[in-house]
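Just so you know, these numbers come straight off a predicted model, no measurement behind them. What you see below is based on every heavy atom in this structure, not just the backbone, and it leaves out hydrogens, waters and symmetry mates.
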Amino acid sequence: MSGKLLINEQIKSSEVLLTGLNGESLGVLSHQKALALAKEAKADLVCTSLMSSPPPCKLVSRGSAKAQRDQENKESRLKEGSGKVKELRLTPDIEDHDYDTKLRQAAKLLDSGNRVLLVVKISGKEGPKAKALLDRLVADLSGSGKKATGIQLSGKQAAVEMLPA
């Protein structure tokens with residue numbers, strides 16, 4: 001039921017394969033009879049697929065079909081990671097005030113719906129220090145977002161991507 005949802009009179013087929021409110025199969029019925037059953041049960045007639053003939057339809061309690069579609073759309077937007085990826089760069093030897101500033105910036109970006117890539121530039125043997133800094137940032141940002149990837153240590157940088165909550 002993604003994309004355009006066909007409800008009640010929007011269904012143009014003359015016959016539908018109907019499923020009841022509790023999932024019971026009601027068989028192939030005319031569109032008019034299916035609509036009458038839906039009105040009698042105070043429910044909506046929802047087409048679940050246009051790819052077969054007759055199209056399978058089901059009775060859904062009134063209003064919940066649209067709410068379910070909206071919920072699925074919201075979940076798909078979150079999965080695809082809507083918004084731009086913003087990068088914040090840090091160093092392992094960051095001062096407390098600078099850390100607080102970067103934390104506020106990251107929280108603001110996450111709250112506005114953007115993904116944030118936290119990058120710590122490292123040189124020499126600063127890998128464990130950089131990883132600890134990213135762990136601290138992820139923990140402090142847990143109210144605004146969640147980790148999309150694990151902490152990745154590579155050559156000259158450590159990085160983690162955060163998704164909006």
- Task: Using a 4.5 Å cut-off on heavy atoms from C-beta on, say whether the side chain of Leu90 contacts that of Val119.
- Result: no
- Excluding Leu17, membership of its hydrophobic cluster (Ile, Leu, Val, Met, Phe, Trp, Tyr; side-chain heavy atoms within less than 4.5 Å) reads Val28
- Note on the structure: So CD of Gln157 and CD1 of Ile122: to nearest 0.5 Å the spacing works out to 8.0 Å
- Query: In Å and rounded to the nearest 0.5 Å, what is the CG to CG distance from Leu141 to Asp111?
  - Reply: 9.5 Å
- Note on the structure: Applied to residues 89-100, the salt bridge (charged side-chain N to carboxylate O under 4.0 Å, His left out) test, sequence neighbours excluded, yields Glu87-Arg89, Asp93-Lys129
- Would you please name every residue forming a side-chain contact (heavy atoms from CB on, under 4.5 Å) with Ala34, sequence neighbours left out? Val16, Leu18, Leu45
- Note on the structure: Sorted by chain and residue number, the salt bridge (charged side-chain N to carboxylate O under 4.0 Å, His left out) partners of Lys121 (sequence neighbours excluded) come out as none
- Test side-chain contact (heavy atoms from CB on, under 4.5 Å) applied to Leu117 and Lys86, step by step: CA-CA 6 Å; Leu117 182 64; Lys86 302 288 186 171; over 6 Å; no
- Does Thr149 have any side chain to side chain donor-acceptor pair (under 3.5 Å) partners at least two apart in sequence or in another chain, and if so, which? none
- Note on the structure: Applied to residues 131-141, the salt bridge (charged side-chain N to carboxylate O under 4.0 Å, His left out) test, sequence neighbours excluded, yields Lys131-Asp135
- Query: Under a single-linkage definition using a 4.5 Å side-chain heavy-atom cutoff for Ile, Leu, Val, Met, Phe, Trp and Tyr, are Val116 and Ile94 assigned to the same hydrophobic cluster?
  - Reply: yes
- Item | Inter-residue atom distance Gln105.CD - Leu118.CG, 0.5 Å rounding | 10.5 Å
- Query: Do you know which two heavy atoms are closest between Ala43 and Leu59, and how far apart they sit?
  - Reply: CB-CB, 4.5 Å
- Note on the structure: So the salt bridge (charged side-chain N to carboxylate O under 4.0 Å, His left out) pairs with at least one residue in residues 155-165 (sequence neighbours excluded) are Arg115-Glu161
- Task: With sequence neighbours left out, write down each residue that passes side-chain contact (heavy atoms from CB on, under 4.5 Å) with Pro56, or none if nothing qualifies.
- Result: Thr48, Ser49, Ser52
- Note: Pro55 and Ser13 closest approach over all heavy atoms is CD-OG, 3.4 Å
- So among Leu137, Leu133, Ile151, which one has a side-chain contact (heavy atoms from CB on, under 4.5 Å) with Val120? Leu133
- Partner residues of Val138 under the side-chain contact (heavy atoms from CB on, under 4.5 Å) criterion, sequence neighbours left out: Lys147, Val160, Met162
- Query: side chain to side chain donor-acceptor pair (under 3.5 Å): which pairs involve residues 16-33, sequence neighbours left out?
  - Reply: none
- Message: Donor-acceptor check, side chain of Asn114 to backbone of Lys84, threshold 3.5 angstrom: yes or no?
- Response: yes
- Query: Do you know which two heavy atoms are closest between Cys47 and Cys57, and how far apart they sit?
  - Reply: CA-SG, 3.7 Å
- From Leu134 atom CG to Gln152 atom CD, the distance as rounded to the nearest 0.5 Å: 10.0 Å
- Item | Qualifying residues under side-chain contact (heavy atoms from CB on, under 4.5 Å), relative to Lys108, sequence neighbours excluded | none
- Item | salt bridge (charged side-chain N to carboxylate O under 4.0 Å, His left out) partners of residues 40-50, not counting sequence neighbours, each pair once | Asp44-Arg62
